[in-house]
Amino acid sequence: MSFILDYYNYWIVVFLMMAGFYIVISANNLVKKIVGLNIFQTSVFMLYISMGKVTGGTAPIVAEGVTQYSNPLPHVLILTAIVVGVATTAVGLALVVRIKRAYGTVEENEFDNKDDVI
Amino acid sequence: MAEFIDLVLLAMLAMLALTALRIIFLKDLFAVVMLFGIYSFLSALIFLNLDAVDVAFTEASVGAGISTVLMLVTLAMTGRKEKQSTHSSLLPLFVVLVTGAALIYGTLDMPPFGHPDNPVHQHVAPRYIEESPKEVGLPNMVTSVLASYRGFDTLGETVVVFSAVIGVLSLLGVRRKKKKDLESGLETHRVLHVVAKNIIPLVILFALYVQFHGDFGPGGGFQAGVIAAAAFILYALVLGLPKAFAVVGPRFLQWMAAAGVLLYASVGLYSMYKGGQFLDYNQLAADPIAGQHYGIIIIELGVGITVFAVMLNIFYAFGSQAERSNVQ
Amino acid sequence: MTDILAAACIAILVVMAIALARAFKAPTVYDRVLGVNMFGTKTVLFIAASGFLMGRPDFLDIAIVYALINFIGMVAVLRFFEYTSPIE
Amino acid sequence: MLEQHLAALPIILPLIAAPIALILGRSVLSWGFATLVSGLAFLLSWQLLSAALSEGVISYAVGGWAPPWGIELRVDAANAFVLLAVTAISTLVLVYSKHSIEKEVKATNHTLFYTAHLLCLAGLSGILITGDAFNLFVFLEISSLATYTLVSLASDRRCLTAAFRYLVMGTIGATFILIGVGLLYMKTGTLNMLDLAERIDLYDSSRTINTGLAFIMVGVSIKLALFPLHMWLPPAYTHAPSAVSAFLASTATKVAVYVMIRFIFTVFGIDHVFVDMGMGIILMVLAVVAIFKCSYMATVQSNVKTVLAYSSVAQIGYMILGLSLVSVSGLMASMIHIFNHALMKGALFMAVGAVFYRVGSVEIKDFAGLGRKMPLTMAAFTIAGLSIIGVPLTVGFVSKWYLVSAALEQDQWLVAAFVLVGSLFAVMYIGRVIEAAYFQKLPESRSSEDIKEVSWLMLVPMWVLVIANIYFGIDTSLTTEAANSASEWLFQTNNMLENKVMEGEVLEGHAIEEKAQEVSS
Amino acid sequence: MDFLDIVSSILLLAGVFFGLSGAVGLFRFPDFFTRIHAASVTDSIAAILIIGGLLLQTSFDLNTAKLVFILLFLLVTSPTASHALAKSARHGGLLTLAESSPQDKQESAK
């Protein structure tokens with residue numbers, strides 16, 4: 001039983017990663033592809049944060065009478081990664097808007113023959 | 001107490017998994033974006049429960065706020081219904097299952113969740129937790145690691161945000177508002193006008209509080225920049241883009257974005273000039289701790305300015321496209 | 001006192017789950033938006049309650065950000081409705 | 001002051017220059033400024049290479065914090081060598097792009113083009129020099145975002161779908177690298193690459209570390225367009241502006257090849273990657289398939305830029321082939337081919353860009369009769385084409401020679417045969433273009449337009465590359481010496497990591513340089 | 001459990017009760033406008049009571065100020081949001097249960 005308790009967090013995060021990854025690959029609409037990309041990245045952030053957590057520890061901000069802190073380093077990495085994710089989303093959505101104006105559609109199966117997007 | 005937190009965490013992770021599943025099978029894109037908003041809120045809540053306070057702050061404001069608003073504006077231009085995709089979903093399923101199996105295989109040797117003696121907390125982290133309040137002098141260890149120990153990462157990240165606005169501007173470009181354009185914005189909602197007018201000063205005040213409170217509590221440059229941008233986005237949504245352009249013009253925002261990055265890099269150059277390494281704040285003042293304080297406050301300001309200018313400029317670029325497609 | 005707070009947290013979690021269910025099942029578009037709005041306001045209360053429960057009440061800034069982002073999300077949705085035909 | 005910060009300057013310079021280029025506003029000003037900065041970066045990287053060759057490793061702790069806690073920049077012969085190629089190509093492409101983008105990029109976007117170019121240069125030099133795994137991810141994102149912007153600047157609408165596909169696959173690749181680094185961090189607790197290498201050897205058989213290795217390898221091979229994951233490259237290089245194709249084809253994927261080399265040799269160690277995980281066979285098979293399939297695809301294309309794009313994927317196959325031979329000479333062949341391919345592909349894409357500037361499209365039939373009308377451009381194309389084929393006295397011959405000798409050294413006759421057959425394909429797809437240019441008449445419809453030589457501002461960088469193609473083909477001292485010391489150093493660090501563990505005592509990664517605090521766990 | 005604790009736990013429980021009732025109303029009511037009524041009315045009451053209960057826990061410091069700010073913010077924004085949503089729904093042509101013609105009453109009631 002303790003084996004499950006130790007790892008359920010990681011397994012759910014893996015499931016979320018694969019859900020996001022599946023949406024990216026199988027989505028037909030480009031906006032939904034970007035949503036899938038965000039879900040995939042957010043679940044990777046959850047993997048980082050859940051490795052930094054110490055049971056019984058509190059947030060890494062010094063408060064009197066607290067000895068056990070969670071690890072601040074994954075938080076720093078994920079602060080960077082979240083903003084990187086939003087930057088990629090913004091450029092992706094700008095591309096979707098331009099594709100809509102150029103092609104008239106953002107559905108992947110409606111692009112003419114060869115320049116379709118995975 | 002501990003098992004209560006585990007229970008709450010499990011419940012929220014279950015809700016998150018349900019939301020993700022629901023998004024996979026939804027065809028109505030508006031619902032997908034709404035559920036993505038919930039997904040970001042929930043993951044920010046889980047970060048809060050995992051003691052990642054700054055990350056919850058950023059995920060809520062950046063992930064749930066800016067991304068959802070941008071997606072809604074994009075959807076306004078690209079239509080609501082996703083068509084049925086022609087090629088079969090077997091290959092994607094296979095690829096996903098293989099990657100998932102590899103990840104699960106990877107989790108077998110992972111150190112257990114939450115144990116204090118995991119290798120993650122052994123090698124590099126103890127110094128951040130014990131010495132950073134003394135060496136850098138800030139109660140918020142995340143800000144001291146973010147700004148001082150790994151300041152180069154944050155500079156790289158500010159440049160990533162800067163290159164995002166370069167990308168969006170080159171793709172969409174901000175359309176200058178001609179006076180004759182119809183006064184768009186929510187004219188009919190008198191209630192919203194009044195409420196927005198009263199709330200926006202409060203929100204900007206809160207953004208400044210977050211900016212300068214970043215050393216002692218959760219907050220910092222990124223979160224403050226996004227909240228200030230959110231205030232102006234609210235103004236633009238309610239009163240329309242022409243008025244928003246009059247308040248803060250897109251040209252000025254491009255200068256502000258560049259100035260923020262240069263402010264950050266000039267702190268590094270100044271510390272090089274004073275004989276230390278790049279971004280070494282100990283050189284900034286006689287007493288190293290004071291130098292760290294100066295350095296961190298200035299670069300957080302640089303980051304806040306850049307993120308505010310970039311997020312607002314991106315919204316202007318998207319908003320003016322929506323107006324254009326709506327006007328003609 | 002802490003068990004009262006714990007009970008409150010769990011109850012608010014249940015309310016959030018119900019709001020989520022409404023957002024999932026919603027027949028019309030507006031129900032979905034209502035679900036999201038209710039979910040947002042309830043998370044604000046959840047953060048406030050769990051902050052006190054865990055003894056770190058200085059995390060209320062995040063509750064403020066939640067309320068703010070929830071409101072701006074709502075305004076963005078309403079602007080979105082103006083452009084597209086709401087009733088499909 | 002300069003020597004002390006030599007390691008950090010090639011990154012900081014373009015990083016600061018990008019916002020200034022945006023503020024400068026007018027395109028002429030920002031073009032001049034960008035070219036100046038790129039030239040300065042080139043001189044710095046030249047000095048850095050000589051310093052690295054003499055001193056071995058230059059370590060620079062950013063922010064004044066000691067390496068495993070702060071971020072460290074580590075410069076050695078290998079990455080200084082690749083940095084030299086990147087900055088040289090960037091300067092030449094910037095000189096070339098002044099006129100080239102007039103026909104391909106909207107006038108309002110010129111300043112943004114130069115800013116994005118500087119950001120891409122800063123990102124690429126950051127990836128090369130940084131010694132921190134997560135910092136590598138951040139710089140990877142900077143260069144990727146700048147590349148998506150650059151690709152989407154073209155006037156042809158297909159560049160948008162190409163940029164979108166590149167964005168989706170690039171972000172998936174970067175996220176895979178992020179997962180890999182996360183798994184490694186979870187087991188070892190550190191992000192500094194040297195420190196990581198130290199602590200990985202302790203858990204040799206751990207499944208988490210092997211999964212982390214697998215994810216990093218898949219992520220990096222998406223970035224360097226290894227065979228099955230290369231679908232984003234041909235449309236991106238075809239529909240991007242010619243100056244962008246020239247810059248990306250010569251640098252972006254080469255930097256990703258270096259990242260793979262760095263992770264294999266300095267972080268994981270050869271026997272962990274090639275013996276335990278059996279990566280050598282996988283890489284070799286993929287490389288050979290890449291060489292054949294993409295060279296074949298190149299011969300059947302009608303658009304010359306697509307031909308060159310597929311040929312790039314095939315040349316990357318050669319580099320990975322050299323890498324998968326797991327020998328000093330094999331690695332040296334790869335390093336040399338990284339440098340040589342930058343020269344070859346840069347010149348080819350510049351020549352095609354010149355044709356696009358005059359003729360307006362780059363189908364093979366548009367090349368008909370250009371041999372007389374645009375003599376210098378087509379001569380440059382021919383020489384660079386011969387270099388791709390591997391004709392003696394050119395750079396291509398040198399790298400093929402070392403590749404074949406490395407294969408024969410391990411008497412892998414089959415691999416050597418594949419390399420030679422690969423260049424047969426090259427003869428076909430280069431031959432088609434040269435045949436169109438010299439042996440077909442100019443169509444009447446076009447004889448009226450004034451198809452004449454392009455301005456000297458586009459010709460000079462093209463010919464600088466062609467002359468470099470020939471010079472380094474004859475006097476191979478600089479490239480072989482640098483590549484040799486690079487691969488020697490990489491193998492040396494790899495053996496140092498291995499035998500240090502065999503002797504049983506484990507030293508703190510940086511104990512050599514500082515006083516040893518405590519022997520880690 | 002001194003006097004303050006008792007009062008705050010009563011307030012908390014009342015707030016939670018209203019929250020739950022609102023949630024049940026949100027789930028069971030047949031029509032959009034009744035649902036939005038259920039959600040927003042109980043929303044504001046639950047917020048007041050729960051935050052009031054929490055206020056009694058704090059010892060009049062920065063947290064109190066933050067809690068009061070949250071309460072004011074919620075009291076201003078959530079009714080506005082509900083009003084705007086209902087107005088937009090009305091504007092968008094959504095009919096209430098009574099208005100929608102009797103024969104498709106079953107359809108909209110499912």
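The sequence lines fix the lettering, A, B, ..., with proteins before strands; numbering per chain opens at 1. Since the structure is predicted, the reported quantities are computational estimates derived from the model, not experimental observations.
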B:Ile314 portion near chain A, given a 4.5 angstrom heavy-atom threshold:
side chain
Donor-acceptor pair, B:Gln122 side chain versus B:Asp117 backbone, under 3.5 Å?
yes
Contact class of B:Leu70 relative to chain A, heavy atoms under 4.5 angstrom:
both
Could you tell me if the side chain of A:Pro60 sits less than 4.5 Å from the side chain of A:His75, heavy atoms only?
yes
Kindly say whether A:Leu47 contributes a backbone atom to a donor-acceptor pair with the side chain of A:Ser50 at under 3.5 angstrom?
yes
Polar side-chain atom of B:Asp51 near backbone of A:Lys53 as donor-acceptor pair, under 3.5 Å
no
Which atoms of B:Leu26 are under 4.5 Å from chain A, going by heavy atoms: the side chain, the backbone, both sets, or neither?
backbone
Side chain from CB out, backbone as N, CA, C, O: work out which of these in A:Phe15 comes under 4.5 Å of a heavy atom of chain B, or both, or neither.
side chain
Which one wins on heavy-atom pair count under 4.5 Å against chain B: A:Thr80, A:Val54, A:Val14, A:Val13?
A:Thr80
Heaviest contributor of heavy-atom pairs below 4.5 Å to chain A, chosen from B:Asp153, B:Ile23, B:Asn118, is B:Ile23
Indicate whether the side chain of B:Gln321 and that of A:Arg98 have a donor and an acceptor atom separated by less than 3.5 Å.
no
A:Ser43 side, atom OG; A:Phe21 side, atom CZ - distance, nearest 0.5 Å
11.0 Å
Contact summary for A:Tyr10 and B:Pro111, nearest pair of heavy atoms:
CE1-O, 3.7 Å
Of all heavy-atom pairs between B:Gly219 and B:Phe57, which one has the smallest distance, and what is that distance?
N-CD1, 4.4 Å
Is chain A contacted by the side chain of B:Ser170, its backbone, both, or neither, given a heavy-atom distance below 4.5 Å?
backbone
Given B:Ala14, B:Ala164, B:Ser144, the one with more heavy-atom pairs under 4.5 angstrom with chain A than any other is B:Ala164
Measuring from A:Leu37:CG to A:Thr89:OG1, what's the distance to the nearest 0.5 Å?
7.0 Å
Give, as side chain, backbone, both or neither, the part of A:Leu95 having an atom under 4.5 angstrom from any heavy atom of chain B.
both
Scored by heavy-atom pairs under 4.5 Å with chain A, the best of B:Leu9, B:Val145, B:Thr78 is B:Thr78
Heavy-atom cut-off 4.5 Å, strictly under: side chain, backbone, both or neither for A:Val35 against chain B?
both
To the nearest 0.5 Å, what is the distance between CZ (B:Phe41) and CG (B:Leu35)?
13.5 Å
Pairs of heavy atoms under 4.5 Å with chain A: top-ranked of B:Thr58, B:Leu103, B:Val160, B:Val142:
B:Val142
What part of B:Leu16 gets within 4.5 angstrom of chain A, counting heavy atoms only: side chain, backbone, both, or neither?
both
Can a donor-acceptor pair be found, under 3.5 Å and without considering hydrogens, that links the side chain of A:Lys32 to the backbone of B:Ile24?
yes
Segment of A:Ile23 engaging chain B (4.5 angstrom heavy-atom cut-off):
side chain
Can you tell which part of A:Thr105 gets under 4.5 Å to a heavy atom of chain B, answering side chain, backbone, both or neither?
neither
Less than 4.5 Å to any heavy atom of chain A: does that hold for the side chain of B:Pro133, its backbone, both, or neither?
side chain
Please check this pair: side chain of B:Ser67 against backbone of B:Ala64, looking for a donor-acceptor N/O pair closer than 3.5 Å.
no
Chain B heavy atoms under 4.5 Å from A:Lys100: which part of the residue, side chain, backbone, both or neither?
side chain
Pair count under 4.5 Å, heavy atoms only, with chain B: among A:Gly57, A:Pro74, A:Gly20, A:Gly36, highest is A:Gly57
Counting heavy-atom pairs under 4.5 angstrom with chain B, the leader among A:Thr88, A:Thr42, A:Ile78, A:Leu77 is A:Thr42
Distance-only, no hydrogens or angles: does the A:Asn29 side chain make a donor-acceptor pair with backbone N or O of A:Glu107 under 3.5 Å?
no
Heavy atoms only, distances under 4.5 angstrom: which of A:Ile12, A:Asn71, A:Val31 has the most pairs with chain B? Name it, please.
A:Asn71
Contact origin within B:Thr154 toward chain A - heavy atom pairs under 4.5 Å
neither
Intermediate values then yes/no, side chain to side chain contact (heavy atoms under 4.5 Å, CB included), A:Phe45 and B:Phe47:
CA-CA 9 Å; A:Phe45 304 158; B:Phe47 289 152; 3.9 Å; yes
Heavy-atom pairs under 4.5 Å with chain B are the metric here; pick the option from A:Asn9, A:Val106, A:Leu73 that has the most.
A:Asn9
Can you tell me which portion of A:Met51 sits under 4.5 Å from chain B's heavy atoms? Options are side chain, backbone, both or neither.
both
Which residue out of B:Val33, B:Val62, B:Val124, B:Ile66 racks up the most heavy-atom pairs below 4.5 Å with chain A?
B:Val62
Tell me, for B:Leu93 versus chain A, whether the close heavy atoms (under 4.5 Å) come from the side chain, the backbone, both or neither.
both
Please tell me if the side chains of A:Met46 and B:Leu13 come closer than 4.5 Å, counting only heavy atoms from C-beta onward.
yes
So for B:Tyr149, is it side chain, backbone, both, or neither that comes closer than 4.5 Å to the heavy atoms of chain A?
neither
Among B:Ile104, B:Thr19, B:Val53, which residue forms the greatest number of heavy-atom pairs with chain A at distances under 4.5 Å?
B:Ile104
Looking only at atom types and distance, does a side-chain atom of B:Thr143 sit under 3.5 Å from a main-chain N or O of B:Gly214, one as donor and one as acceptor?
yes
